[in-house]
Amino acid sequence: IVLGELDIAKLMGNQGFPVNQGALGFNIDDVQIQSLKWGDKAINDGYPEVAINVIEGGMHFKATIHKLDMVMRVNISISLFGSKTKGYQDVNVKAEMVTLESDLMLSLDANGQPKSEAKNTSVKLSKLDIKLGGNSLPGPLSALTSTIANGIISFLDTFLNGVFTSALE
């Protein structure tokens, strides 16, 4: 029920996730979700499949999302030879299946109030396909972005795992 209504784009806010990672004058400033769709009508009428099992001290949660289709905008700044250029690179991300698992441990705090803690959280993306889309970078910088695409794709693979893990926790 929760995953059927989960809006990751709203969870992030309009400004996207600040990243501020870079090397050699090339910096990824932030990442924004431009569009996000999921679900396969042939499987559970397009809704995520969810299982909850009772475990000692809480419950184990497992959800499977089918056919993830997302467009992300990676905002980039590049400093070369004393000049700075800003732009973006769109990235198309597809996954046949996303499996989220976590143990939700339940307890009472010192005041007797219930509290929960997510542990053993994992995210698995099956048949992940990441491709570069359009960009707003000038010609030479666009070519540079294509050249370092593997670094961007590796970063986004790690980033996506973090997005889904944060949403659960």
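If you read the sequence from its start, that first residue is 1, and numbering goes on from there.
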Is Leu132 reachable from Val31 through a run of I, L, V, M, F, W or Y residues, each pair having side-chain heavy atoms under 4.5 Å apart?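 Yes, same cluster.
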inquiry  = Under 4.5 Å between side-chain heavy atoms, counting indirect links through other Ile/Leu/Val/Met/Phe/Trp/Tyr residues: same cluster for Val71 and Tyr88 or not?
reply    = no
[X] side chain near [Y] side chain, heavy-atom distance below 4.5 Å:
X	Y	result
Val123	Val98	yes
Gln89	Ile76	yes
Pro114	Leu108	yes
Leu36	Asp69	no
Lys67	Lys94	no

Value rounded to 0.5 Å, distance of [atom1] in [X] from [atom2] in [Y]:
X	Y	atom1	atom2	answer
Leu104	Ser116	CG	OG	5.0 Å
Lys37	Ser35	NZ	OG	6.0 Å
Asp45	Asp40	CG	CG	10.0 Å
Ser77	Lys84	OG	NZ	4.5 Å
Met72	Asn92	CE	CG	11.0 Å
Ile130	Leu125	CD1	CG	8.0 Å

Charged N-O contact under 4.0 Å between Lys131 and Asp129
yes
Quiz item: With a 4.0 Å cut-off, would you call Asp30 and Arg73 a salt bridge?
Solution: no
| Within the distance-only criterion (no hydrogens, no angle test), does the side chain of Asn111 pair as donor or acceptor with the backbone N or O of Gln113 below 3.5 angstrom? | no
Throw together a table of side-chain donor-acceptor distances under 3.5 angstrom for residues 50-63, partners on residues two or more places apart or in other chains.
| unit_1 | atom_1 | unit_2 | atom_2 | d |
| --- | --- | --- | --- | --- |
| His60 | ND1 | Asp103 | OD1 | 2.6 |
| His60 | NE2 | Glu101 | OE1 | 2.7 |

Joining Ile, Leu, Val, Met, Phe, Trp and Tyr whenever any side-chain heavy atoms lie under 4.5 Å apart, the cluster holding Met97 also takes in none
Chi angles and distances behind the side-chain contact (heavy atoms from CB on, under 4.5 Å) call for Asp29, Lys86: CA-CA 9 Å; Asp29 299 322; Lys86 286 185 167 263; 3.6 Å; yes
